[in-house]
Amino acid sequence: MTRWQTLFVAMGLAIAAAMNVRASGAVLVLANQTDDLVQFIIAPKFGNPRGYQIVAGDVLPIPVEEEVGIRFETGRDPAHHVLDPGAVYYFFRKDQLDLVRRGFLPDEARGAAALPASVDPARRDAIGEIPVMVLVDDEEPAVQRVWEARLRQRFAEASDIFEHHCRIRFKVVAVGTWDSDDGVIDLELGLREFERKVLRPPGARLVVGFTSQYEKPQGRTHLGGTRGPLHSHILIREWSQHISYTERLEVLAHELGHILGAVHSPDQNSVMRPLVGDRRSRAKSFRIGFDPVNTLVLYTFGEQIRLHGAWQLSRFSPEARTLLEHVYAEAAKEMPEDGSAEKYLTLVRRAEDATLGDQQPLVVGARRVIRAVADAAGRNHAQADPAGAAPHESVRLEGDRLTELYVRAAATAADELPDEVAPQAFLLGLSVALDDSAALRANPTLGRVFRRLETPQDRKQRVAVLGTPTVHGRRDLAQHFFVSSAITVLAGQFAAESTAVLKEMSDARGGAGFSFADLAADVAGAAFATQVGKNKVALATLARGFAVGDFVPPPDDLPEGLSEKAFSQTYGSPVDPRFRAEQDALRRRVLALPGFSPRTAKKD
């Protein structure tokens with residue numbers, strides 16, 4: 001993980017804590033595509049190694065908090081690999097046993113996806129239960145004692161499948177009947193009727209109806225249906241003939257899979273193949289189960305439900321939604337004619353939009369700010385290179401002067417926005433507009449907002465002409481200043497400064513060392529955002545004459561490159577009074593700068 005990816009992971013943690021975002025760990029899925037039992041050892045960075053095994057054709061989800069190591073015998077020499085969360089790994093055998101990875105998250109997001117869990121391991125290992133009400137319609141020929149026993153047994157067997165794949169069981173808490181309309185023969189219309197006539201009772205999360213109303217039509221037909229992930233109702237065709245018991249079980253597992261996010265799969269051994277009831281499950285050797293990709297989805301859904309009681313996609317953690325968005329996008333490419341993955345992808349993206357809520361005007365304003373900076377960058381890039389410019393030519397700005405150009409352009413655009421969103425739009429838009437790394441957009445905690453601020457194509461064009469804006473001649477100080485401003489907008493000044501200290505302590509343990517120059521830029525960025533937000537630093541003033549030196553102290557006399565040992569000897573720890581005194585001194589130094597004086601609050 002790069003230095004800046006480390007910062008953004010820390011940033012996500014701090015914002016998650018400040019905004020009460022319920023972060024959770026992640027999962028990886030291993031699949032055995034050989035004809036033999038596969039045994040292996042998973043070794044986390046912290047904790048004891050643990051042995052596992054997968055029978056031929058099966059899959060195994062393994063919850064993890066970070067990258068882990070895996071060891072297994074290939075048949076020749078032992079193999080060692082590093083596995084990361086949010087991916088599927090396939091065991092296969094050609095000349096020897098080997099492992100291949102299928103990832104879904106972009107490389108820069110893989111570290112951010114492994115945010116530490118907010119729950120203890122015992123809770124993560126617990127089995128979750130989803131309470132279900134089961135009904136049959138008035139065409140059911142059996143008496144209740146018979147049909148109830150039959151359906152309870154079917155749910156128990158389906159639960160065994162789900163427990164293996166995502167640690168979820170379905171508990172039948174109520175049974176009943178309903179009077180179906182004899183004139184309705186279409187399953188979609190039947191589902192609508194069922195939803196209208198049978199309301200979900202308070203003690204159940206899911207209502208599953210079994211109808212014997214319809215004769216089995218010729219050719220391809222849907223044996224069950226629901227409206228999408230986490231929906232309240234499922235309707236399944238139930239006949240006394242034509243369909244075997246295993247096919248009935250497979251139909252139930254298929255529809256329950258849709259409730260927990262599973263989509264149609266091209267894997268013909270998966271219960272999520274589009275056409276179940278195709279007699280494949282009648283073979284004694286057929287294993288009713290989910291394909292590896294849908295197992296990754298199921299476990300993600302199951303964890304959000306088990307640990308957080310999240311029954312809406314908008315309540316899923318940002319990490320979970322980010323992973324699901326990428327998985328569904330890949331699944332949609334595999335089966336473009338099917339449409340189920342595309343539908344679920346749309347629902348996840350709508351859920352992300354819903355989390356913005358009343359922030360939508362802020363997003364619109366921030367986009368205007370980004371566009372203003374991008375336009376300024378384009379005009380500047382078109383100027384002559386300073387190294388070869390003629391005396392009469394306008395030259396391209398660089399360094400601190402380039403930063404000042406961008407801040408003035410952003411402030412000019414933001415000053416035309418409504419007062420209630422202008423300061424926040426300025427700060428958020430400027431943070432995105434001056435960023436040229438991929439980590440900011442990939443961070444699951446912030447990405448759901450920032451990915452809405454700028455399209456990939458717009459970003460590509462902006463980065464191509466951005467140049468190298470600096471603070472006191474340093475690109476890293478500019479990044480610290482503006483990222484800290486963004487964190488302050490989203491989570492407050494305390495979260496921004498806490499993130500800064502967390503990042504510097506990480507650098508002290510194994511990076512470039514603790515830098516008080518970096519920390520000063522972070523403190524300055526947080527103060528800048530706070531003062532702009534309170535209109536103590538007016539946008540009109542910034543538009544007229546923002547200057548780097550007015551808001552960020554020069555780094556020349558600030559210690560840098562301190563190892564953890566050196567930091568400890570001089571400052572103790574982040575809670576030590578000696579370090580707190582240094583922090584306070586930095587804050588006073590920042591607020592004494594000319595940009596924070598009362599005159600900057602005057603607006604023309």
Side-chain angles (χ1 to χ4, degrees), residues 3-4 6-8 10-11 14 399-404 406-407 427 430-431 434-435 468-489 491-509 511-533 536-537 542 546-564 566-597 600:
R3 180 179 184 184
W4 284 102
T6 300
L7 171 61
F8 292 131
M11 178 171 62
D400 286 17
R401 292 186 64 195
L402 183 58
T403 301
E404 292 164 353
Y406 291 155
V407 174
L427 295 162
L430 190 58
S431 299
L434 267 63
D435 176 64
T468 309
T470 64
V471 163
H472 293 300
R474 287 173 48 170
R475 181 73 178 114
D476 64 324
L477 296 185
Q479 290 173 307
H480 276 274
F481 180 81
F482 291 108
V483 169
S484 186
S485 296
I487 299 175
T488 303
V489 172
Q493 188 168 357
F494 176 79
E497 292 192 6
S498 298
T499 300
V501 174
L502 181 63
K503 187 265 180 186
E504 294 306 322
M505 291 304 300
S506 175
D507 282 351
R509 286 190 291 270
F514 195 104
S515 168
F516 279 92
D518 288 355
L519 186 60
D522 289 314
V523 170
F528 180 72
T530 300
Q531 299 286 60
V532 169
K536 292 183 178 180
V537 174
L542 297 175
F546 172 84
V548 164
D550 286 349
F551 292 94
V552 188
D556 303 340
D557 61 339
L558 295 171
E560 297 193 80
L562 298 176
S563 67
E564 186 175 24
F567 179 88
S568 178
Q569 289 175 342
T570 307
Y571 303 104
S573 72
V575 296
D576 190 290
R578 292 172 292 175
F579 177 70
R580 292 289 179 85
E582 289 296 320
Q583 275 189 301
D584 290 340
L586 278 180
R587 294 188 188 104
R588 291 193 297 271
R589 183 172 179 175
V590 165
L591 293 177
L593 292 170
F596 295 107
S597 67
T600 60

Heavy-atom nearest pair, Glu560 first then Ser515, reads OE1-OG, 2.8 Å

CG (Asp550) and CG (Leu593) are apart, to the nearest 0.5 Å, by 7.5 Å

Rounded to the nearest 0.5 Å, the CZ atom of Phe514 sits from the OG atom of Ser563 at a distance of 12.0 Å

Inset, instruction - Please check if the side chain of Thr470 supplies one atom and the backbone of Asp400 the other of a donor-acceptor pair under 3.5 Å. - result: yes

**Message:** Main chain of Val548, side chain of Glu404: is a donor-acceptor contact present, judged purely on distance under 3.5 Å?
**Reply:** yes

One should read off an interatomic distance between Arg475 CZ and Thr403 OG1, to the nearest 0.5 angstrom, of 7.5 Å

Shortest non-hydrogen pair, Glu504 vs Gly513, comes out as OE1-O, 3.8 Å

By side-chain contact (heavy atoms from CB on, under 4.5 Å), Arg578 pairs with (sequence neighbours left out) Asp576

Legend entry - Non-hydrogen side-chain atoms of Leu477 and Pro555 separated by less than 4.5 Å: yes

Heavy-atom distance under 4.5 Å between the side chains of Lys503 and Ser506, does that happen here?
-> no

Note: Leu434 and Pro469 closest approach over all heavy atoms is CG-CG, 4.4 Å

dist Ser484:OG -> Asp518:CG (nearest 0.5 Å) comes out at 11.5 Å

Item to complete: Would you check, one step at a time, whether the test side-chain contact (heavy atoms from CB on, under 4.5 Å) holds for Ile487 with Asp522?
Response: CA-CA 10 Å; Ile487 299 175; Asp522 289 314; over 6 Å; no

Interatomic distance, CG@Leu502 vs CG@Asp507, rounded to 0.5 Å, equals 10.0 Å

Closest non-hydrogen atoms of Asp557 and Arg589, given as atom of the first, atom of the second and distance, are OD1-NH2, 2.9 Å

Correct closest heavy-atom pair for Ala526 and Gln493 would be CB-CG, 3.8 Å

Quiz prompt | Side chain to side chain, Leu402 and Thr468, heavy atoms closer than 4.5 Å | solution = no

Is any side-chain heavy atom of Leu591 closer than 4.5 Å to a side-chain heavy atom of Gln531? yes

Shortest non-hydrogen pair, Pro574 vs Phe579, comes out as O-CD2, 3.3 Å

*Are the side chains of Arg474 and His480 in touch, meaning some heavy atoms are under 4.5 Å apart?*
no

Phe481 meets the ring-ring contact (aromatic ring centres under 6.0 Å, His included) criterion, sequence neighbours left out, with Phe528

Would you call Val407 and Leu430 a side-chain contact if the rule is heavy atoms closer than 4.5 Å?
yes

Value for CD (Glu582) from CZ (Phe516), rounded to nearest 0.5 Å, stands at 5.5 Å

Heavy-atom check, side chain of Val532 versus side chain of Leu427, under 4.5 Å
yes

> Taking side chain as C-beta onward, heavy atoms only, is Val590 less than 4.5 Å from Pro553?
Replying inline: yes

Count the heavy atoms belonging to other residues, nucleotides or ligands that lie under 6.0 Å from CZ of Arg401, then report whether that count exceeds 12. no

Name the orientation class of the two ring planes belonging to Phe546 and Phe551 (parallel below 30°, tilted from 30 to 60°, perpendicular beyond 60°).
parallel

